[in-house]
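Worksheet for the structure shown next.
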Amino acid sequence: QVQFAESGGGLVQPGGSLRLSCLASGRSFRGYAVAWYDVGWYRQAPEKQRELVASITSGGSPNYADSVKDRFTISRDNAKNTVYLQMNSLKPEDTAVYLCNTMRGGRPMESWGQGTQVTVSS
C-alpha cells in the first residue's frame, strides 16, 4: 500500500557526490503512516544480490553497511514523507540501482519501486 519514488541518480566520476531522494506515499496495510517505520536504502547491481546500504529509524537513528560507512549519510524529513541518501566519495563499486523501502524487523515491508540508477565511471 506504500509506493516509493526514488530520484537523484545519474552518471558521476569516481570521487563525486550524489543526493538521492525517496518520496513515499500511502499507508501500510495496518493503516500507519510511513513516519512510524524504519526506512532503508538498498542497492541492486547486475549479478549481485540486493543489499541494504543504510537505514534510519523513525526517530532518526542511522545505520550503515561497512562498505558505505563514512561516505554515505541517510536522513529523513517525516513532514515531507521523504528519506535522503547523501553519497560522497563515490567509487565504481557503488554502481547500482538504488531503492528504498520501509522496514519491519530488519526486512523490507512493501513492494519495490523502480529505483534510481547510479553509475560511477570515468
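Atoms considered below: every heavy atom in the structure, side chains included; atoms not considered: hydrogens, waters and symmetry mates. Numbering of residues begins at 1 and proceeds along the displayed sequence.
- Checked against side chain to side chain contact (heavy atoms under 4.5 Å, CB included), Thr102 has the following partners two or more places apart in sequence or in another chain: Phe4, Val34, Tyr37, Val39, Met109, Glu110.
- Nearest heavy atoms, Trp41 versus Cys22: CZ2-CB, 3.4 Å.
- Ser121 OG to Asp94 CG: the interatomic distance, rounded to the nearest 0.5 Å, is 12.5 Å.
- Scanning all heavy atoms of the two residues, the minimum distance from Thr82 to Ser21 falls at CG2-CB, 4.3 Å.
- For the pair Glu51/Arg43, a side-chain contact is recorded, criterion being any heavy-atom separation below 4.5 Å from C-beta on.
- Connection of Tyr98 to Val12 is established within a shared hydrophobic cluster, with ILVMFWY side chains joined at heavy-atom distances below 4.5 Å, either directly or through further cluster members.
- In this structure a side-chain-to-backbone donor-acceptor pair under 3.5 Å is present from Thr95 to Val120.
- Counting only heavy atoms from C-beta outward, the side chains of Leu18 and Phe72 never approach each other to under 4.5 Å.
- Atom CD of Gln3 is surrounded by more than 12 heavy atoms from other residues, nucleotides or ligands within 6.0 Å.
- The distance from atom SG of Cys100 to atom CD1 of Ile56, rounded to the nearest 0.5 Å, is 12.5 Å.
- Under the 3.5 Å distance criterion, the side-chain polar atoms of Gln44 are left unmatched by any main-chain donor or acceptor of Val97.
- For Tyr64 against Lys69, the heavy-atom pair with the smallest separation is CB-CA, 4.3 Å.
- Proximity of Leu52 to Met103: side-chain heavy atoms (C-beta onward) are separated by under 4.5 Å at one or more points.
- A donor-acceptor pair under 3.5 Å is formed between the side chain of Arg76 and the backbone N or O of Thr57.
- Closest approach of Glu6 to Gln114, counting heavy atoms only: OE1-N, 3.8 Å.
- Side-chain contact between Asp38 and Ser55 is absent, with no heavy atoms from C-beta onward closer than 4.5 Å.
- Hydrophobic clustering keeps Leu99 apart from Val118 (ILVMFWY residues linked when any side-chain heavy atoms are closer than 4.5 Å, directly or through intermediates).
- Among all heavy-atom pairs drawn from Ala35 and Ser58, the shortest one is O-CB, 3.2 Å.
- Residues Leu20 and Met87 have side chains in contact (heavy-atom distance under 4.5 Å, counting atoms from C-beta outward).
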Residues Ser75, Tyr84; criterion side-chain contact (heavy atoms from CB on, under 4.5 Å); working and verdict: CA-CA 5 Å; Ser75 61; Tyr84 305 96; 3.6 Å; yes

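- Pairing each heavy atom of Val53 with each of Val68, the nearest pair is O-CG2, 3.2 Å.
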